[in-house]
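By convention in this document, chain letters (A, B, ...) are assigned in the order of the sequence lines, proteins followed by strands, and residues within each chain are numbered from 1. Remember, predicted model here, so these are calculated numbers, not experimental data.
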Amino acid sequence: MYRLGLFYILVFFSNHSISGQQLNWADYENDTLVSIGTYILADEKIFIPRDTLLMNERIYCNIAELEVKSFVMTAFSIGKEFREEASGNEITVFMKNAIRNREINYKYVNFKDFKLVNLSGDIYVPEIEKIKVIITD
Amino acid sequence: MRIKVCFILLFTVFVSVSAFSQMEVTEYKAMCFEYHKHNCNYSENIYYRYNDASRSALFLKGQTSETRLEIFNGRDYRISLCADEVLGNQIYFRLINAREGNVLYDSRRDDYNMDFEFTVTQTIEIIIEVTVEGTSLPAGEHGRNGIIRRDNAMGCVGVLIEYMITPKKGF
């Protein structure tokens, strides 16, 4: 019984550390930032797995009163270029198709030109205005 | 005798001046020697390897220069730039198909990004054209060609090229 209990404790703590990508907004209380899933875009360069990018539907802001009004995604490969502006916080189908396309194989995508809006319609921008998301497989 | 002395004197002066000039040229060359190796940011991906086509050069503000690279099907490449602060941050590069002349990538459209990674699906030769934006000071009162003022902003620019075999995906 004791060993079983120990086993469960071990499993609980190991799972807790493996996940590693839990939102930790507490570290960024005073900053206005956006996130893709659990990845807080708190740096100009960030690594995100391809599957994670494709799984997430929307971009969020850490300030409850603000939501993403629009943003732009760009991507570059040799001889190929992608640019789309999204109205709202949704990562569009076209954006996902660009990320998914392994023939072109964009190695990174840029998220930029964020416009955040509150209920009164005032526009804000996040602390980090342009983020280079390096896609890891 | 006098002529001999004058001749020896002239010869000595000539040799010293040319030795000094050689030293200056050598010093400038030495300034940028392997600049890219020590100043450009290497990829964090451990599978990338250094490509011998990487190079460094001395640039003036407003200057454009190019170098060629053959890129092979089945490889990923990373090209990154680094430069002395004196040249400013408006430095961009373009990748041009050497055979067809079309521009394959322009870092100005990528917000003057200083590094670019891509996968190659067809072996081609490309031209890496680097430009330092800005203007050098005018040559002189009469704007004579072929004269560059010594107080023009000059600095090193490095082009670091890395490559790896394109990782296979899926089963």
Side-chain angles (χ1 to χ4, degrees), chain A residues 20-21 34 39 41-55 70-86 95-115 125-137, chain B residues 41-48 69-80 89 92-129 161-171:
Chain A
Q21 274 108 36
V34 292
Y39 287 86
L41 304 184
D43 205 349
E44 288 178 352
K45 188 162 88 170
I46 188 167
F47 294 81
I48 300 182
R50 193 185 302 268
D51 292 341
T52 305
L53 264 179
L54 293 172
M55 255 172 20
S70 67
F71 66 96
V72 170
M73 185 182 113
T74 62
F76 295 86
S77 184
I78 192 97
K80 296 269 189 292
E81 193 177 313
F82 174 88
R83 187 184 193 282
E84 172 149 322
E85 180 166 352
M95 290 176 177
K96 288 195 175 183
N97 285 342
I99 294 165
R100 194 178 281 123
N101 190 328
R102 287 197 185 271
E103 271 187 46
I104 299 174
N105 197 29
Y106 292 114
K107 301 283 232 164
Y108 60 89
V109 293
N110 303 307
F111 287 96
K112 60 181 191 173
D113 298 342
F114 291 95
K115 287 193 175 59
V125 289
E127 300 285 332
I128 314 283
E129 293 181 45
K130 183 192 163 192
I131 299 108
K132 181 174 178 178
V133 173
I134 296 164
I135 299 171
T136 59
D137 282 312
Chain B
N41 293 325
Y42 286 81
S43 171
E44 286 154 19
N45 186 331
I46 56 168
Y47 296 108
Y48 271 116
L69 173 70
E70 191 165 17
I71 53 175
F72 295 94
N73 176 26
R75 287 189 179 179
D76 287 359
Y77 288 83
R78 181 177 180 270
I79 297 173
S80 62
N89 56 8
Y92 69 91
F93 66 102
R94 300 194 305 163
L95 305 184
I96 302 163
N97 186 324
R99 192 172 157 190
E100 292 169 18
N102 53 316
V103 177
L104 301 170
Y105 174 77
D106 186 334
S107 69
R108 286 176 296 181
R109 295 184 62 76
D110 196 6
D111 300 323
Y112 288 84
N113 203 4
M114 291 293 264
D115 59 82
F116 175 53
E117 287 182 57
F118 54 95
T119 297
V120 180
T121 54
Q122 187 185 4
T123 300
I124 53 169
E125 191 183 19
I126 60 170
I127 297 167
I128 304 171
E129 180 195 85
I161 303 167
E162 298 167 277
Y163 73 99
M164 67 170 169
I165 306 297
T166 303
K168 286 200 172 15
K169 292 120 187 161
F171 296 108

#### Entry: Interface moiety of E103(A) toward chain B, non-hydrogen atoms closer than 4.5 Å
backbone

### Query
Backbone N or O of R83(A) within a donor-acceptor pair of the T74(A) side chain at under 3.5 Å?
no

### Query
With a 4.5 angstrom heavy-atom cut-off, which part of Y106(A) approaches chain B: side chain, backbone, both or neither?
neither

### Message
Please determine whether a side-chain nitrogen of the Lys or Arg among K132(A) and D111(B) lies less than 4.0 Å from a carboxylate oxygen of the Asp or Glu.
### Response
no

### Task
Could you check whether the rings of F116(B) and Y108(A) sit parallel, tilted or perpendicular, using 30° and 60° as the cut-offs?
perpendicular

### Message
Around atom NZ of K130(A), are there more than 12 heavy atoms from other residues, nucleotides or ligands closer than 6.0 Å?
### Response
yes

### Query
Around K112(A), counting heavy atoms of other residues, nucleotides and ligands shown, do more than 12 lie under 6.0 Å from its NZ?
yes

### Task
Can you tell which part of N45(B) gets under 4.5 Å to a heavy atom of chain A, answering side chain, backbone, both or neither?
neither

### Task
Tell me, for R78(B) versus chain A, whether the close heavy atoms (under 4.5 Å) come from the side chain, the backbone, both or neither.
neither

### Query
Who among D115(B), V120(B), T121(B) has the most heavy-atom pairs with chain A under 4.5 Å?
D115(B)

